[in-house]
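Quick note on labels: first sequence line is chain A, next is B, and so on, each numbered from 1.
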Amino acid sequence: MANSKSMPLIFDIPITYDLDLSSTLDGGQSFNWRPGNDGVWLGLIGNLPVKLSIDKHRNGSVVKAEYRLSPGGSDLDRLKWYLDLDTPYEAVRNRLSCDDNLESIIRSVPKFNILNQDPWQTLVSFILSTQSNIPRIKRNLEDISIVANQLVTAFGLSFYRFPNPHELAAMGENKLRGLGLGYRAKNLAAVASLISENTFNIKTVSAMPYKDAKQYLMALPGVGPKVADCVLAFSMGHTSAFPVDRWVSRGVKRMYSNTVKYSDPDISKWGREKFGSDAAYVQQSIFYYERWVRGRGQS
DNA sequence: TCCCAGGGGAGTT
DNA sequence: AACTCCCATGGG
């Protein structure tokens, strides 16, 4: 008879709107989920291995989450927070669809959520994202985790926990450079040290007002306006952030050619003012559309 | 070989 | 404040 304490259990979480896991977990917000069979996604939320899938029913869908129940019992709340299940995304989409330029975008992009990821891991992810590409970012993050060598097993599979700031700082710039991070290794090693030494307090950033939080993040090497906005949007609940990369810039310029300015800072400011707390959702929709719908996705 | 990839930062004007 | 160039590296 199997030990029930070590057996993953399946939890059904009802949601009142459609949720597409692929575009949510693997749409450019997060880089550490891997697809399994039949629409299943596997990954770590913190140290917790989780297997996720969606069951569609007539009256709304159910998120199926499989994981080991830990003693504290707060895993379900954490999962719901990570996936941002309590935000009424159907209402968000309805609001935004009133904008003629957005309506077709919203309709042709899968129904994703904006994640609440771990700020530290998200910061590292987007420091690595500069002048890089998504497959490479994934590989860099995975290599970092493998070198950190904190193995967790579940579902008969291996997961490597993402190193904390202290562990990453201990790797040092040269080792990171050896993983193919390029010039980003120097910034990442410096940031890991600043955080592990408590010179920079990442845990307080979420509670700061948007502009203060952004300014504070941008004091870190390798963190400019775009990286800061991604961290704020995808890990700190600042959904009024409007990160501008080349894809979003391209999309906004085409869709709003009459109203919008030109520089990235102008576009970011415009997005924040026009869409308010929906800005991050709009930005991610445009990114996804430009990258994988319009561009017909070269990974 | 050339070009691009979810930019940032320093130097110049 | 806006513009230019360089920062490493891997893949197409």
Practice task
Kindly state which residues belonging to residues 208-230 of chain A come within less than 4.0 angstrom of DNA chain B, counting heavy atoms of the residue only, listed by number.
Solution key: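 Contacts with DNA chain B under 4.0 Å: A:L220, A:P221, A:G222, A:V223, A:G224, A:P225, A:K226, A:V227.
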
Problem - Whole-angstrom distance between B:dG11 and C:dA8, as gauged at atom P - result: 15 Å

Separation of [X] atom [atom1] from [N] atom [atom2], in whole Å?
X      : N      : atom1 : atom2 : value
A:L181 : B:dG8  : CG    : P     : 17 Å
A:Q131 : B:dA10 : CD    : C1'   : 16 Å
A:D143 : C:dG10 : CG    : P     : 11 Å
A:R139 : C:dG10 : CZ    : C1'   : 6 Å
A:N174 : C:dT9  : CG    : P     : 12 Å
A:Y262 : C:dA1  : OH    : C1'   : 16 Å
A:N140 : B:dA5  : CG    : C1'   : 12 Å
A:L128 : C:dT9  : CG    : C1'   : 12 Å

Exercise for the section: Before accepting this row, confirm whether a basic side-chain N of the pair A:R95/A:D278 lies closer than 4.0 Å to the acidic partner's carboxylate O. Expected result: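 Here A:R95 pairs with A:D278 in a salt bridge, since their nearest N and O are under 4.0 Å apart.
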
Exercise for the section: Enumerate the residues from residues 182-204 of chain A whose closest heavy atom to DNA chain C is under 4.0 Å, giving them by residue number; use none for an empty result. Expected result: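 DNA chain C contact set from residues 182-204 of chain A: A:G182, A:Y183, A:R184.
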
Practice task
Check the side chains of A:Y89 and A:D84 for a donor-acceptor pair under 3.5 angstrom, ignoring hydrogens and angles.
Solution key: yes

Problem - Any donor-acceptor N or O pair under 3.5 Å, side chains A:Y289, A:S104 - result: no

Practice task
Consider the side chain of A:R246, meaning its heavy atoms from C-beta on, and name the nucleotide among B:dG7, C:dT9, C:dG10 that approaches it most closely.
Solution key: B:dG7

Problem - Proximal nucleotide (of B:dA5, B:dG8, C:dT9) relative to the A:T130 side chain - result: B:dG8

Exercise for the section: Give me the other members of the hydrophobic cluster that A:Y160 sits in, counting Ile, Leu, Val, Met, Phe, Trp and Tyr linked by side-chain heavy atoms under 4.5 Å, directly or via other members. Expected result: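 Traced through the cluster, A:Y160 reaches A:I146, A:L151.
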
Handout entry: Lys NZ or Arg CZ of A:R78 over A:W81 ring: under 6.0 Å, within 45°
Key =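 Here A:R78 fails the 6.0 Å and 45° test against A:W81.
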
Practice task
Decide whether a cation-pi geometry holds between A:R272 and A:Y210; the criteria are a distance under 6.0 Å from NZ or CZ to the six-membered ring centre and an angle within 45° of the ring axis.
Solution key: yes

Practice task
May I ask which nucleotide in the shown strands pairs with C:dG12, Watson-Crick or G-U wobble, both distances under 3.5 Å?
Solution key: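 Paired with C:dG12, as far as the under-3.5 Å criterion goes, is B:dC2.
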
Practice task
Ignoring hydrogens and angles, tell me if any N or O in the side chain of A:S263 forms a donor-acceptor pair with the backbone of A:D266 under 3.5 Å.
Solution key: yes

Exercise for the section: Would you check if A:E90 and A:T16 make a side-chain contact, meaning some heavy-atom pair closer than 4.5 Å? Expected result: no

Exercise for the section: Describe, in one word, how the ring planes of A:F126 and A:F31 are oriented to each other, choosing from parallel (under 30°), tilted (30 to 60°) and perpendicular (over 60°). Expected result: perpendicular

